[in-house]
Amino acid sequence: MKSERYNVREAEPRWQKVWDQRGIFKTLNEDPRPKYYVLEMFPYPSGRIHMGHVRNYTMGDVVARHMRAKGFNVLHPMGWDAFGLPAENAAMERKVAPKAWTYENIATMKAQLQTMGLSLDWSREFATCDPSYYKHQQKMFLDFMKAGLAEREKRKVNWDPVDMTVLANEQVIDGRGWRSGAIVEQREMNQWVFKITKYSQELLDALDTLDRWPDKVRLMQRNWIGRSEGLLIRFALDPATAPNGETELKIFTTRHDTLFGAKFAAIAPDHPLATAAAAKNPKLAAFIAECKRHGIAQEIIDTQEKLGFDTGIRAIHPFDPSWKLPIYVANFVLMEYGTGAIFGCPAHDQRDLDFVNKYALGNTPVVCPPDVDPKTFVITDKAYDGEGTMINSRFLDGMTIEQAKEEVARRLENDVRGNAPAAERQVNFRLRDWGISRQRYWGCPIPVIHCPKCDVVAVPDQDLPVVLPEDVTFDRPGNALDHHPTWKHVTCPKCDGPATRETDTMDVFVDSSWYFARFTDPWNDAAPTTLPVVNRMLPVDQYIGGVEHAILHLLYSRFFTRAMKVTGHIGLEEPFAGMFTQGMVVHETYRKQDGSWVTPAEVKIDTGAKGRRAHLIATGEEVKIGSIEKMSKSKRNTVDPDDILSTHGADTARWFMLSDSPPERDVIWTEDGVQGAYRFLQRLWRLTNDLAEIAAPVGAARPKEFGTKATAVRKATHAALAHVGEDIERLRFNRCVAHIYEAANALSAALSDARAANSVSADLAWAFREAAEILIEIAAPMMPHLAEECWEALGHKTLVAEAPWPEVERGLLLEETITLPVQINGKKRADVTVARDAAVKDVEAAVLALEPVRRALEGRAPKRIIVVPQRIVNVVA
RNA sequence: GCCCCCGUGGCGGAAUUGGUAGACGCGCCUGACUCAAAAUCAGGUUGUCGCAAGGCAGUGCCCGUUCGACUCGGGCCGGGGGCACCA
């Protein structure tokens with residue numbers, strides 16, 4: 001019996017070296033076998049890997065190793081999402097160049113990932129900040145421009161007047177810039193946008209085809225795209241009140257059934273009609289200016305009072321020329337959605353009701369709830385938005401909401417005024433075009449030149465890439481690219497006159513919108529992709545990452561792929577055939593008596609009679625065990641992957657990550673769990689070494705017959721094999737783990753049994769070999785280093801990483817006799833063992849003969865017997 | 001406010017999709033080995049009544065469908081997530 005232990009620290013690097021030297025994870029694009037593309041979201045090189053990375057990359061690696069064993073040409077690459085703000089912050093705080101900082105981090109993190117034993121094809125590695133990558137991104141930007149998919153337009157932005165930069169909504173806190181603390185202004189600036197809204201409908205429709213995506217993610221995208229069907233109504237303006245040249249106001253609505261409950265119309269502060277009216281009305285102009293002064297950040301929106309200002313202009317009701325509605329400018333109407341104008345039906349919309357109550361415009365209910373008398377139905381301060389019957393609405397009275405909508409739409413469509421109908425059916429989307437301009441240095445430069453004569457000029461292809469200058473300084477706020485003394489000054493490619501470069505860089509989400517395509521042929525210097533290759537290797541068969549990217553990254557990538565198709569860089573629309581969102585890694589929190597947080601590494605846990613208690617290792621002081629939360633620096637409940645990788649090894653970390661929690665749920669990192677995983681590793685090693693002593697030699701001839709003991713061993717092993725294969729394919733790793741434990745338990749028991757008997761027959765010896773090999777092969781995707789060690793111990797000269805997935809012997813999984821549970825009135829009372837294919841009649845007879853059944857029946861005949869073949873029997877007494 | 005998901009032992013979680021609830025792991029208890037500890041091995045571990053055989057209850061709560069419900073339907077309670085001035 002083996003008494004020494006498996007030496008993790010010695011074995012893991014040794015096997016990693018073997019894999020590396022034999023180059024077994026390199027993928028050839030011309031490999032004729034069917035391809036399988038496994039991808040985990042590539043990391044941002046922040047400095048060190050964290051437990052979330054360990055979990056993410058372990059899952060992907062299990063799938064990759066399994067599919068490789070199943071005979072697929074597996075593509076499993078890795079790279080770096082390397083542009084972004086933290087590099088600039090590091091430059092400001094620590095005086096290191098963003099580039100140097102980034103590549104140093106990459107080197108550190110790559111070394112960490114390599115200790116995890118991931119089966120990655122490192123030959124395809126790139127970082128998005130490599131000019132050899134972003135050069136192609138710039139090319140595609142120019143192609144998108146030509147195709148009308150990238151445009152420059154004026155957009156509202158949050159402007160920080162101190163840092164002199166545009167801020168994302170998330171960077172505005174309480175109306176102030178997160179870094180400078182300055183009050184943020186709303187500004188209109190020229191921004192580059194990608195026209196994702198051209199694909200709103202398509203991106204929505206195609207969600208139905210993504211059947212290997214989580215429903216949750218598809219739903220989130222559906223809501224984000226936010227399609228709504230309604231009516232675009234042209235309200236004529238009362239000529240006596242309208243500004244010069246203005247004749248109508250277009251309003252988009254989804255509640256045209258409530259048209260007879262309308263009390264006012266409202267337009268956005270930046271609506272052209274508002275601008276026209278303000279020209280003659282200084283008070284209105286002041287009100288509009290006040291509205292625009294506020295930022296567009298969430299906090300401001302939430303707390304801002306709903307305000308309006310009567311323009312004096314009157315709109316004419318589409319069904320009654322004598323009915324005039326006041327038009328207000330209102331601070332809650334958005335120019336970006338619909339037409340930037342609404343009509344208010346206060347009785348059935350809370351916001352409109354609040355508005356009329358403030359300005360004393362009254363309300364008329366037009367939808368009466370069921371079981372309410374219309375004569376007594378009044379609205380005071382709570383709007384009714386439920387179902388009901390139309391009232392106070394002339395020809396609509398008595399209709400349902402749906403009928404009324406249809407009737408209004410039909411009448412107005414046919415009511416042609418001038419050369420256009422009074423209304424048309426329209427679909428609106430919540431989705432906005434994707435603003436990609438960032439006033440930042442560490443990003444992909446937008447490859448255009450601004451010429452005073454020729455306007456916006458594309459950088460000619462032969463001048464790509466537009467490379468970031470490295471001699472930049474971060475000693476003052478704003479965009480370091482813009483401050484650079486010479487970089488932006490160029491001559492116009494068209495007229496040779498003096499011109500300036502665009503100093504905005506692209507949103508980092510652009511970088512990650514096509515990296516998966518670049519991985520298929522990162523060696524192509526001439527073009528972003530190699531068409532035959534990218535079309536063969538994509539889509540990604542299994543993509544794995546966090547839910548936090550469920551909307552933006554995944555939606556942008558879906559758009560970008562379509563844009564690449566239009567511009568001839570790819571031949572498909574959907575980049576990710578299978579998507580999986582994994583849960584977070586969470587940990588208990590610990591606090592000292594004074595309230596300060598303590599890291600898990602500083603704490604020792606004791607489980608005594610009084611329950612779990614935690615003490616500081618250094619001083620013995622008791623610390624409070626707090627709630628289990630996402631690992632974060634602020635709560636100090638992080639665990640450095642290096643700690644476990646260097647002590648218990650990669651396989652322990654991987655095994656623990658996969659066990660217990662289902663992969664989509666959060667996993668709680670615990671020291672006990674780690675110990676448990678490590679214990680199993682050692683146990684499996686001992687078990688295989690012990691088995692190796694009594695098992696038949698490698699390649700021994702298969703016996704013709706198997707005895708009872710050998711058959712039992714084989715049954716348990718093949719059952720586990722069948723389960724594990726299926727569960728890996730469905731990413732149910734926690735169940736794989738359970739099945740491997742079960743198989744190992746069964747094998748241990750059979751082994752000690754054989755030892756006690758002091759003799760091993762030839763068929764049992766063969767069964768032991770088969771079982772040991774299968775056990776190692778099914779564990780190999782999850783604990784690959786240990787598996788190699790055991791494979792070698794079993795006498796193999798080959799690598800288990802290159803072994804084909806074993807075949808399940810289905811015949812072993814079918815029993816000749818089966819034991820059925822017997823219920824009496826739905827409660828399990830007994831078991832009955834019958835032949836697998838026993839007739840229902842025979843089963844009934846056997847059941848009625850059972851003692852508990854006879855006792856329950858007390859001599860009477862049963863009311864009913866339900867026999868579900870091979871499942872269960874239920875006797876109704 | 002709108003939309004979605006989840007509630008199972010001390011804990012993480014299984015349950016062939018309507019058919020034996022609690023697989024597997026962690027923790028805990030008992031025993032073996034040991035001078036002792038660690039490691040390892042064996043057994044136990046939903047609650048409750050019982051010496052036991054065995055019985056009763058039990059998947060957040062209430063009601064329903066069914067021979068049979070963790071699973072399906074309705075209504076509550078609790079927790080989590082997404083979106084949010086969207087017309």
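The model shown is predicted, which means the values in this text are computed figures rather than measured ones. The sequence lines fix the lettering, A, B, ..., with proteins before strands; numbering per chain opens at 1.
- Rounded to the nearest Å, the gap between the C1' atom of B:C77 and that of B:C63 is 15 Å.
- For the segment residues 260-273 of chain A, the set of residues with a heavy atom within less than 4.0 Å of an atom of RNA chain B is empty.
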Would you tabulate the pairs of protein nitrogen or oxygen atoms and nucleotide nitrogen or oxygen atoms of nucleotides 66-69 of chain B closer than 3.5 angstrom?
residue	atom	partner	partner atom	Å
B:C67	OP1	A:R864	NH1	3.2
B:C67	O2'	A:N874	ND2	3.2
B:C67	O2	A:N874	ND2	2.6

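- Using a distance-only test at 3.5 Å, with no hydrogens or angles considered, a donor-acceptor pair links the side chain of A:N363 to the main chain of A:I379.
- No side-chain N or O of A:Y6 forms a donor-acceptor pair with one of A:T688 less than 3.5 Å apart.
- Comparing B:C6 with B:G13, their P atoms sit 14 Å apart, to the nearest whole Å.
- A salt bridge between A:K263 and A:D352 is absent, with no side-chain N of the basic residue lying under 4.0 Å from a carboxylate O of the acidic one.
- Checked by atom type, the side-chain pair A:R227/A:Q201 shows a donor-acceptor distance below 3.5 Å.
- Among B:G25, B:G82, B:U20, the nucleotide with an atom closest to any side-chain atom of A:N745 is B:G25.
- Atom CD of A:Q675 and atom P of B:A39 are 9 Å apart (whole Å).
- Between the side chains of A:R218 and A:N223, no donor N or O sits under 3.5 Å from an acceptor N or O.
- The environment of CZ in A:R212 is crowded: more than 12 heavy-atom neighbours from other residues, nucleotides or ligands sit within 6.0 Å.
- Partner assigned to B:A42 is B:U30, using Watson-Crick or G-U wobble distances below 3.5 angstrom.
- For A:W213, there are no ring pair (Phe, Tyr, Trp, His ring centres under 6.0 Å) partners at least two apart in sequence or on another chain.
- Following rounding to the nearest Å, A:R755 (CZ) and B:A42 (P) show an atom-to-atom distance of 12 Å.
- For A:R665 and A:Q582, the side-chain atoms include no donor-acceptor pair closer than 3.5 Å.
- Taking atom CZ of residue A:R871 and atom P of nucleotide B:G18, one finds them 10 Å apart after rounding to whole Å.
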Is there any protein nitrogen or oxygen under 3.5 Å from a nitrogen or oxygen in nucleotides 7-13 of chain B, and what are the pairs?
residue	atom	partner	partner atom	Å
B:G12	O2'	A:S661	OG	3.0
B:G12	N2	A:D660	OD1	3.0
B:G12	N3	A:D660	OD1	3.4

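- OP1 and OP2 of B:C86 both lie 4.0 Å or more from every side-chain N or O belonging to A:N223.
- Side-chain atoms of A:P821 lie closest to B:U20 of the nucleotides B:G82, B:U20, B:C24.
- Look at CZ on A:F656: it is 9 Å from C1' on B:C26, rounded to the nearest Å.
- For the pair A:R5 and A:W685, the NZ or CZ position fails the cation-pi test of under 6.0 Å to the six-membered ring centre and within 45 degrees of the ring normal.
- A salt bridge is absent between A:R730 and A:D727: the closest approach of a Lys/Arg side-chain nitrogen to an acidic carboxylate oxygen does not fall below 4.0 angstrom.
- Put simply, the side chain of A:K216 and the base of B:C4 share no donor and acceptor less than 3.5 Å apart.
- Between A:Y384 and A:H348, the two ring planes are perpendicular [angle over 60°; tilted spans 30° to 60°].
- Within residues 342-358 of chain A, the residues having any heavy atom closer than 4.0 Å to RNA chain B are, in order of number, A:I342, A:R351.
- Every residue two or more places apart in sequence or in another chain that forms a ring pair (Phe, Tyr, Trp, His ring centres under 6.0 Å) with A:F680 is listed here: A:W655, A:Y741.
- Donor-acceptor pairing under 3.5 Å is lacking for the side chains of A:N689 and A:E693.
- Here the separation of B:G60 from B:C11, taken at their P atoms, is 13 Å to the nearest Å.
- Contact annotation: A:R686 side-chain N/O to B:C41 OP1/OP2 distance is under 4.0 Å.
- The gap from the P atom of B:G27 to that of B:C62 amounts to 35 Å, rounded to the nearest Å.
- Relative ring orientation between A:F355 and A:Y359 is described as tilted, the plane-to-plane angle lying within the 30° to 60° band.
- With both pairing distances under 3.5 Å, B:C83 is matched to B:G1 as a Watson-Crick or G-U wobble pair.
- Which of B:U17, B:C83, B:A23 sits closest to the side chain of A:R430 comes down to B:C83.
- Between A:E664 atom CD and B:C6 atom P there is a gap of 10 Å when expressed in whole angstrom units.
- B:C28 and B:G9 have their C1' atoms separated by 13 Å, with the value rounded to a whole Å.
- Rounded to a whole angstrom, the distance from the C1' atom of B:C70 to that of B:U8 is 7 Å.
- Computed from coordinates, the A:D690 CG to B:C41 P distance equals 11 Å when rounded to whole Å.
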Item to complete: Go through the steps to decide whether A:D666 and A:K630 satisfy the test salt bridge (charged side-chain N to carboxylate O under 4.0 Å, His left out), and finish with yes or no.
Response: CA-CA 9 Å; A:D666 292 350; A:K630 178 182 181 175; over 6 Å; no

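- Nearest-nucleotide mapping onto RNA chain B: of A:A738 and A:R730, the residue sitting toward the 5' end is A:R730.
- Side-chain N/O atoms of A:R679 include one lying less than 4.0 angstrom from OP1 or OP2 on B:C26.
- B:C51 and B:U16 have their P atoms separated by 38 Å, given to the nearest Å.
- Rounded to whole Å, atom P of B:G79 lies 17 Å from atom CD1 of A:I628.
- In this structure, the ring of A:W669 has its center less than 6.0 angstrom from the ring center of A:F656.
- Across all strands shown, B:G73 pairs with B:C63; the Watson-Crick or G-U wobble distances both stay below 3.5 Å.
- Dashed line: the shortest gap from a side-chain N or O of A:Y337 to OP1 or OP2 of B:A87 is under 4.0 Å.
- Nucleotide B:G22 carries an anti base; the chi torsion (O4'-C1'-N9-C4 or O4'-C1'-N1-C2) is more than 90° from 0.
- Atom name P, nucleotides B:C24 and B:G18: the rounded distance is 25 Å, in whole Å.
- For A:R683, counting side-chain heavy atoms from C-beta on, the closest listed nucleotide (B:C26, B:C83, B:C41) is B:C41.
- Residue contacts for A:R432: at a heavy-atom cut-off of 4.0 Å it reaches a base atom on one of the strands shown.
- One can place CD1 of A:I824 at 9 Å from P of B:G55, the figure rounded to the nearest angstrom.
- Within the 4.0 angstrom heavy-atom criterion, base atoms lie near A:V333.
- Remark on RNA chain B: of its neighbouring residues A:E742 and A:D385, the 5'-side contact belongs to A:D385, judged by nearest-heavy-atom nucleotide.
- In this structure B:U17 sits in the syn conformation; its chi angle is within 90° of 0.
- Base pairing analysis places B:G47 opposite B:C56; the two distances defining the Watson-Crick or G-U wobble pair are each below 3.5 Å.
- Under a cut-off of 6.0 angstrom, the local environment of NZ in A:K358 is crowded, with over 12 non-hydrogen atoms contributed by other residues, nucleotides or ligands.
- Residues A:N428 and A:Y337 meet the side-chain proximity criterion, which asks for heavy atoms closer than 4.5 Å.
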